[in-house]
Amino acid sequence: AEAAAVREWEEKERAVREREDLASRLAEVAAETAVAAANLERVQKDAAEAAAEAQTKRADEAESWPNWATFSALKVGRKPFEAAKLHPEPSHDLPDLFKHVVSDDKNGTEPKESAGRSSPGPTFLTDLLGNKRLPIHERAHLIPESDECRKHWIPVIKWMCGRCEISDKQARMLLYGFTEDSKMENHSNITCRMWNYVAMAQQGYVFDTDPLVMLLPDLDWDLQLQWNGEEYGCYVFGRKAEVYGWIDAEREAGSHMKSVTKEGVPKVLATFSQALVALSAALCHKECPTVVEKKCCGPLREQLAKLSTLPVPELDPNQVGELQFLRVSFGPCEELLKGGAAARQREGAAHPAPHPVLLSARACNAWFNYLYQEHRNQIWEADAAAPTHFAAAVLLPSCRDLCDIPDCDLCRKIISRSDDGWMLNVEATDRRQTSDLI
């Protein structure tokens, strides 16, 4: 009986301790839940404040450029188009800047040291708007330095060489600095020339990831094809108002840019329409390889090849009103004019001129991307026939379009891996390295 009483007492004590332990654990869980709820509330509050701040910033950026023309000032016109052959036929001679590679017998020669090699990193002291160099600025390469992307620019290079009708081997020599028989690359290739770069803020986004800006040379198409380093003016078209704020790092007009009225714009758009037809025909040619990658490039080319008229931009008089247009002035590219590798911008000089044909080629990307995202029926007769799973559409691929991990040194320096893929991340990059990019 005494043993039974002891056992009963022990069971009661154990039950009391278990209840106390359970109550203690419940109290701890309640405290942890309260802390988690407080943290969640704080995170939600911070996220809401960040979203509100971002919205205010976007509104401020748009308000900073209230009268600057965007793509909304344009309407879609049509030009006759035939992709079954190069149309129109090249009528210009071989530009001087390609003659060091392309020989008279059309067999091509290996680049010589006397042709002048460019360092792989030309230095800019200002951006294209004339603003002083800042850490946020980067070198936008017009022809990508990515080995995989570069080869898809061969038709453009062959078109730029005009009636010379260079071979694929010679075009590859220009793009890579070597041929299939000579795999050692040197810096005589044109992708590291100063005229293949534009210094600008946010270039990785507005030029590559989601083309949002057109840089349209104020230069006749024939003069663009014969360009050899001369200075020229260039109109800047942002797809939306905030784009101007993104590319203007100082949020103010630079020393080499100005607003102009609409008088010169129709001529510039007509010239760009010529470039659109010529470059689209060269890239949609039936013998041109179809590109398959992350952006709508191959399907776009295939659809354009079926069209008899090409959608081109025209000024919409009903939308212009009192809008102002942004025009920048590029200085001469001394690397070409002096026949050597002047890979540094002079103090006080305007941004050295990039090749105008390459700017026009990049502008094609922004125009077709705009049509794909907002006026798809201008390319595909029915929206249902258009591929909709791409975020952007381009005529020519740029870095990161064809590979998950970029094979371009510049891109590797300014991007980091995220859950959404390769995204521009200047903050995650050493500031000195980012500044060195230009």
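- Nearest approach of Pro356 to Leu219, heavy atoms of both residues: CG-CD2, 4.1 Å.
- Between Tyr235 and Pro217 there is no side-chain heavy-atom pair separated by less than 4.5 Å.
- Side chains of Tyr244 and Val236 form a contact here, defined as non-hydrogen atoms less than 4.5 Å apart.
- Relative orientation of the Tyr232 and Phe330 rings is perpendicular, given thresholds of 30° and 60° on the angle between their planes.
- Checking each of Phe272, Trp367, Phe325 against Phe237 for a ring pair (Phe, Tyr, Trp, His ring centres under 6.0 Å) leaves exactly one that passes, namely Phe325.
- Taking 4.5 Å as the limit, some side-chain heavy atom of Ile190 sits within range of a side-chain heavy atom of Trp195.
- Annotation for Cys161 and Leu174: closest pair SG-CD1, 4.3 Å, computed over non-hydrogen atoms.
- Side chains of Glu231 and Ser329: no donor on one and acceptor on the other come within 3.5 Å.
- Aromatic rings from Phe71 and Tyr370 are positioned such that their centres are separated by under 6.0 Å.
- For Glu314 and Arg78, the salt-bridge test fails: no basic side-chain N is under 4.0 Å from an acidic carboxylate O.
- Between Ala275 and Ser360, the shortest heavy-atom distance links the atoms CB-CB, 3.9 Å.
- Looking at Arg362 and Asp208, a side-chain N of the basic residue comes within less than 4.0 Å of a carboxylate O on the acidic one, giving a salt bridge.
- Taking the ring centre of Tyr197 as origin, the terminal cationic atom of Arg139 falls inside the region bounded by 6.0 Å and 45° from the ring axis.
- Using a cut-off of 4.0 Å between Lys/Arg side-chain N and Asp/Glu carboxylate O, Lys267 and Asp220 are scored as salt-bridged.
- Taking both residues in full, the closest heavy atoms of Pro144 and Ser398 are given as CG-CA, 3.7 Å, listed atom of the first, atom of the second, then distance.
- Counting only heavy atoms from C-beta outward, the side chains of Leu74 and Leu269 approach each other to under 4.5 Å.
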Problem - Gln226/Asp222 under side-chain hydrogen bond (donor to acceptor under 3.5 Å, both in side chains): CA gap, chis, key distance, verdict - result: CA-CA 6 Å; Gln226 288 291 349; Asp222 290 339; over 6 Å; no
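- Looking at Thr209, its side chain does come within 3.5 Å of a backbone N or O of Gly204 through a donor-acceptor pair.
- In plain terms, the two heavy atoms of Cys149 and Trp153 that are nearest each other are O-CD1, 3.5 Å.
- Remark: side-chain polar atoms of Asn365 are paired, donor with acceptor, to backbone N or O of Leu395 under 3.5 angstrom.
- No donor-acceptor pair under 3.5 Å is formed between the side chain of Glu242 and the backbone N or O of Trp246.
- For Arg150 (side chain) and Glu145 (main-chain N/O), a donor-acceptor pair under 3.5 Å exists by modelled atom type.
- In terms of heavy atoms, Asn196 sits closest to Thr191 at ND2-O, 2.9 Å.
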